Amino acid sequence: MSQGQYIPSSESRIALDTRDHAVVVESALARLDLDAKTRLLAGQDVWSLPALPEIGLESLVMSDGPVGVRGRAWNAADPALTLPSPTALAATWDTRLARRTGRVLAQEARRKGVHLLLAPTVNLHRSPLGGRHFEAYSEDPLLTARIGGSYVAGVQDGGVGATVKHFVANDAETERFTVDNRVDERTLRELYLAPFEDIIATARPWAIMSAYNRVNGVTMTEHADLQIGVLRGEWNFDGVAVSDWLAARDAVGAITGGLDIAMPGPMTIYGPALAAAVRAGQVAEAHVDNAARRVLLLAARAGLLAGAEPAVPESALPAPIDGRALAREIAARSFVLLRNEGGVLPLDPAPGSIALIGAAAREARILGGGSATVFPEHIVSPLEGLRDALSGSTSLSYERGADPGDGLGVAGADFVLRTVLRDESGSILADEPAQRGGAIRWLADGLPDGADYTNLASVEISGVFTPRRSGAHSFGTKGAGGFRLIVDGVTLLDEVGSPALVDPIDAITGRSVPRGQVELVADRPVRVSLLASAPKLEFGALRGVSFGLTHRDPVVDDEQRLDAAVAAAAAAEVAIVVVSTTEFVESEGFDRTDLRLPGRQDELVRRVAAVNPRTVVVVNSGSPVEMPWRTEVSAILLTWFPGQEAGAALADVLLGVAEPGGRLPTTWPARLADAPVTEVVPDGGVLEYSEGPYIGYRAWQRHDIAPAYPFGHGFGYTEWDYERIESTAGTVRVRVRNVGARAGREIVQVYAASAADDPARPDRWLAGFATADAAPGEAVDVSITLPERTFQRWDEHTGKWATIPGRYELHAGHHSAASELSVTQHI
Ligand code: BGC
């Protein structure tokens, strides 16, 4: 896409149905001076915009997203209804359920005083290595658009704004603040922009979030071609563009590039800096006006601007939704049954004995890491869920088996610590008991004892640790600084002279890095010290200190645990093994380097399967993992990150109260090496999307190697016959019959293929889908209207969509590689 002319007139357009707001907005705008307008465009703190009482404007509050509404606090003091991960929601292929999901989140947002939800994430599954894969829906733009659009509509039904993010091509985490993703225009249009375009046309989101990365050389917060030319000019987007947190770096570049709001605050590139740029003649005030107009419109929609009727008046709000019940329903609908040899599932009637195995069976991994983290009001683990659901006639044993991770937590109860702040000469600026265990998080103007940030040169956390257990204790660090870590006289790390580069968001929210182990004796206190030289975390407008000392008790010998698990499995009629990833594997801030299950979990599954022919493996991960044992077990059930009702939904599905309703929204490779796109690490700051439009199943179709499970795959508890297909005027009608013994749901998928064997197009692509619910023996007709785009391509010569005439085959079936029925369509 060329860096074309920016046309201001397309910017100031306000859509027709917001005409009522236009008068109020214009009159409010006219009463604001330059300083007030520029203040309105920046966070007053991390999550909110300032109130301007002089025009009757209240403060607008934003919050992540997407599986719950975290609220302003980043801790468990303010719990949130926690729904299944976005991969799970997409696995339902159920737009009505996605809409109800949005509605329940609006209800949560209103409860917490949040006006703009920072979700959904509609970037694509370009590679299974993407750290935020779990947080995006799918490898297919149509499925992403349909689920994302319904979610947006649901949130906004509840009078809360949705923010479609991250615009655009933010599909991996490595060097995410600076990476230049080079994507050809056709690929950008047909894949990465497509969900944004569709959602803007169908659901009219109130906001989009500008991504951290660059696209074809221009950083997204300043990308006038995409943010003004495409978003507003071509698509008539009338919402706000808010920066990703800390993504906006240059006031003039951002305001002329179409960015309306720079988050977070209070230190910001907008506000006074933007006003100064206008006064210095570096930028026309009209740009500020355009952005302020859109922010006022957003406030009007949310009911925060005096005189403006909110988009959804109180009387029109949807009926209250039971959040827990919905969380359980989505989870069960999302579980994907990949394998079910001999119909081992459902366990109906329940067997006499079940051996439940796995760390995640007791500590369920219910969500992925990073800004998507919310704090659940409660968690039902698989162990609790099964215990509650099983009657006394089934005996349920539990064994941990193998630990999935080596996670270190912030140094806590067994530590007595102080923090000492020093200047360059070593003089003490402040010295006080550590307030939050081993975790430090201060903004520049909030240092202990009012210590001066400018003079700060080092921070030391030091004190005494009294181990409760003898053995090898692990210690680590998190956050930003050049660290020296000493435990009981042993120096585990010394990088005082050469601080490592860190991702600032990861430094604040992210993982801890293990730094080594020290043998310690129970009840014998030892000294610990973590010194952070160069402790200042400075990025854009953010200035502060964020790091921590982390620790983990000695690990109980895995061998004994494995043996105990195998013995329990051998003694039970059915073995259920829950395997999982950890927060060190799937999170914002970093990409994955492999797809293996951490720890000795593969070995655990194999050993259990060897002694119990009825072994069911439950895979608790947000995105693909390798399952080298997949043909050795009876059943494989993917549960994604299932949200707070994890165990209740799992019991429903295992025992046959609910059907596993999910179908893969992403192709599941057998091995990472087989995956078509494995490059997520930029080379010299540049990441070439050299595969063009061939990601996911579009790429696997041209590959010699087959995936473990294709896009769209998943079994229910019944069977279906595809009886009839017909197509007229872009609508495909398919009749399916439930020929099994249980009621169930089929997701009828329609894929289009060009009969002309066009080498420039994928073999087939998803054109539409629908759900069919039927009782045993019952037939159902579904009608699927295919979007115009099914038969179009982006024409790089004209810079327009072009309909490609000719003969197309429309295949209906239950996954991307199946064709139960097909019909020809002439265009
Ligand atoms: C993430 C966004 C999120 C924001 C605020 C960023 O690091 O990329 O998705 O909304 O933080 O938490």
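Position 1 is the first residue of the sequence; numbering continues from there. Note that the structure is predicted; figures quoted are calculated from it, not measured. Counting convention: from 1, in listed order, for ligands and their atoms alike.
The main-chain N or O of Gly158 is never found under 3.5 Å from a side-chain atom of Gln107 such that the two would form a donor-acceptor pair. The closest donor-acceptor contact from the side chain of Arg249 to the backbone of Ala247 lies under 3.5 Å. Panel note: side chain Glu108, backbone Val69; no donor-acceptor pair is recorded below 3.5 Å. Between the side chain of Ser580 and the backbone N or O of Asn620 there is no donor-acceptor pair closer than 3.5 Å.
The ligand atoms of ligand 1 that sit less than 4.0 angstrom from a heavy atom of Arg176 are 7 (O), 8 (O). Proximity to Asp244 (heavy-atom distance under 4.0 Å) selects the following atoms of ligand 1: 1 (C), 2 (C), 3 (C), 4 (C), 6 (C), 7 (O), 8 (O), 11 (O). Interface atoms of ligand 1 facing Lys165, defined by a heavy-atom separation under 4.0 Å, are 2 (C), 3 (C), 9 (O), 10 (O). Those atoms of ligand 1 with a heavy atom of Trp47 less than 4.0 angstrom away are 5 (C), 12 (O).
With a heavy-atom cut-off of 4.0 Å, Met62 does not touch ligand 1 at all.
At the shortest separation from atom 7 (O) of ligand 1 among protein heavy atoms lies Glu588 OE2, 2.6 Å.
Ser623 and Arg592 are linked by a side-chain donor-acceptor pair at a separation below 3.5 angstrom, with hydrogens and angles left out of the test.
For a threshold of 3.5 Å applied to N or O pairs, the pair formed by Trp245 and ligand 1 contains no separation below that value.
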Take Phe237 and Arg294 through the test side-chain contact (heavy atoms from CB on, under 4.5 Å) and record every step on the way to the result. CA-CA 11 Å; Phe237 173 64; Arg294 287 192 283 263; over 6 Å; no

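Around atom 10 (O) of ligand 1, the closest heavy atom drawn from Leu117, Thr163, Leu118, Asp64 belongs to Asp64.
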